[in-house]
Amino acid sequence: MPPNHQAAPRDTEADLQGAEPAAASAPLRIGYHTPADYAAQTWTSPAQPTVQPLAAIIHGDFAAPVRPWPQIASHLRPLSGAPCLEVILAAGPVAYGRDPEQEFAATPELLFAATRLEETAELGMEAMTELAYTRLRRLMLARGYPYLLRTWNILQDINREQDGLERYRQFCLGRHAGFVQYQEDRGTRHPAASAIGAPSGGLCVYALAAKSPGLPLENPRQVNPFWYPAQYGPRSPDFSRGLVKSWDRGRNLFLSGTASITGHESRHPGSLAQQMETTLDNLASLIGAAERAVGRPFPAGPATAALKAYVRNSEDYPQVRASVEDRFGPELGVVYLQADICRTELLCEVDGTVFLDAP
Ligand code: 3EB
């Protein structure tokens, strides 16, 4: 086996939960807001005084008002034409901080951290990615959140070939170099992840880590990414298809970027309709895997889920939206973003987060 093939995460949730004592905790939730709504809201409710923003992700051009929490520009354009604020809310109290390397927000259970790096002659994509992951790990360990749950990776010009290797593949090398360190900390438990391309912004990595572990998922329709054969690059991608995190009062399901891939192969190049079918079937299959893994339902509805759809060609937006609404209904929170996807033949990718208060 090539060296990039690693052992599968075989822990059961019971094993993982036993690793750390559970504190009273609640799921995080994600909502999408207009600029006016974002600027006007106080984000505190008398009914739930400890629920606060962990961070806001800014999609589109919006000069955010000063706020204590991290506000991260995605450099991705919403296809609706209007800026969109993605607010991640967590059960607090939340402490906010920043150092020269990153911005972060911490609750008693969860750490959000974000770092952005610009390329230089000395620091190319691979080295930059390793540095981003090294910084993230250093913060996680210093603050006591050793379990990586979810990463979002936004790469400028993701598909461009540079020095003989596509930038996404360079990213996978750098991420692995950083990631082997995490395995020494806590064993192989890949986070859920997305890796997408933007026209600007350098490398942006933002992530969620926790004091206690989550349960990585496999999708029965797809090969685990960390087992991809070498044809997709010298280092296979270090992420899991999804991850469930159980809290005292509820649970989260983090869905990794899901595209038209079955097994390890891209399906239906050139056919948007068929790629959408495969992508949405993959999502449904992953949600099914999560339900079997914990023996509980994960209904993705307007009050329980937020999705992001990344669309390579903006003219495909109406059809992508129609496909997603056909599956999930028109009420579900979805933001459609113009973005590049890590394989050039893929036209769309969908990720998201499910949040349930129920036990
Ligand atoms: C795939 O399934 C499509 O490298 O972190 C999706 C989600 C993809 C995350 C990553 C890559 C990543 O392989 C690409």
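Both ligands and their constituent atoms are indexed starting at 1 by order of listing.
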Between Lys211 and Glu109, is there a side-chain N and carboxylate O pair less than 4.0 Å apart?
no
Test item, Arg175 contacting ligand 1 (heavy atom, 4.0 angstrom)
yes
Closest protein heavy atom (residue, atom, distance) for atom 4 (O) of ligand 1:
Tyr168 OH, 2.5 Å
Using a 4.0 Å cutoff against the non-hydrogen atoms of Ala193, which atoms of ligand 1 qualify?
5 (O), 7 (C), 9 (C)
At a non-hydrogen distance cut-off of under 4.0 Å, which region of Gln222 contacts ligand 1 (side chain, backbone, both, or neither)?
neither
Compare all side-chain heavy atoms of Asp351 with those of Tyr310 and state whether any distance is below 4.5 angstrom.
yes
At a non-hydrogen distance cut-off of under 4.0 Å, which region of Ser194 contacts ligand 1 (side chain, backbone, both, or neither)?
backbone
To atom 9 (C) of ligand 1, the nearest of Phe239, Tyr310, Phe226 on a heavy-atom basis is Phe239
For atom 6 (C) of ligand 1, the closest protein heavy atom turns out to be Gly257 O, 3.3 Å
Nearest-contact summary for atom 13 (O) of ligand 1 - protein heavy atom, Å:
Tyr228 OH, 2.7 Å
Region of Ala259 engaging ligand 1 - heavy atom pairs below 4.0 Å:
neither
Quick one: which ligand 1 atoms are inside 4.0 Å of a heavy atom on Pro237?
4 (O)
Could you give the distance from CG (Leu155) to CG (Asp340), rounded to the nearest 0.5 Å?
10.5 Å
If you take the nearest heavy atom of each of Arg241, Glu349, Arg343, which one is closest to atom 2 (O) of ligand 1?
Arg241
Within a strict 4.5 Å, meaning less than it, do heavy atoms of the Lys308 and Leu337 side chains meet?
yes
Minimum heavy-atom distance between Ala210 and Leu149, given as atom pair plus value:
CB-CD1, 3.9 Å
Any carboxylate oxygen within less than 4.0 angstrom of a Lys/Arg side-chain nitrogen, looking at Glu161 and Arg167?
no
In the protein, which heavy atom is nearest to atom 14 (C) of ligand 1, and how far is it?
Cys342 SG, 2.5 Å
Taking only Lys NZ, Arg NE, NH1 and NH2, and the carboxylate oxygens of Asp or Glu, determine whether Glu103 and Arg116 approach each other closer than 4.0 Å.
no
Charged N to carboxylate O below 4.0 Å: is that the case for Arg29 and Asp357?
yes
I need the atoms of ligand 1 closer than 4.0 Å to a non-hydrogen atom of Ile261, numbered in the order shown.
1 (C), 2 (O), 3 (C), 13 (O)
How about Leu85 and Phe62: do any of their side-chain heavy atoms sit closer than 4.5 Å?
yes
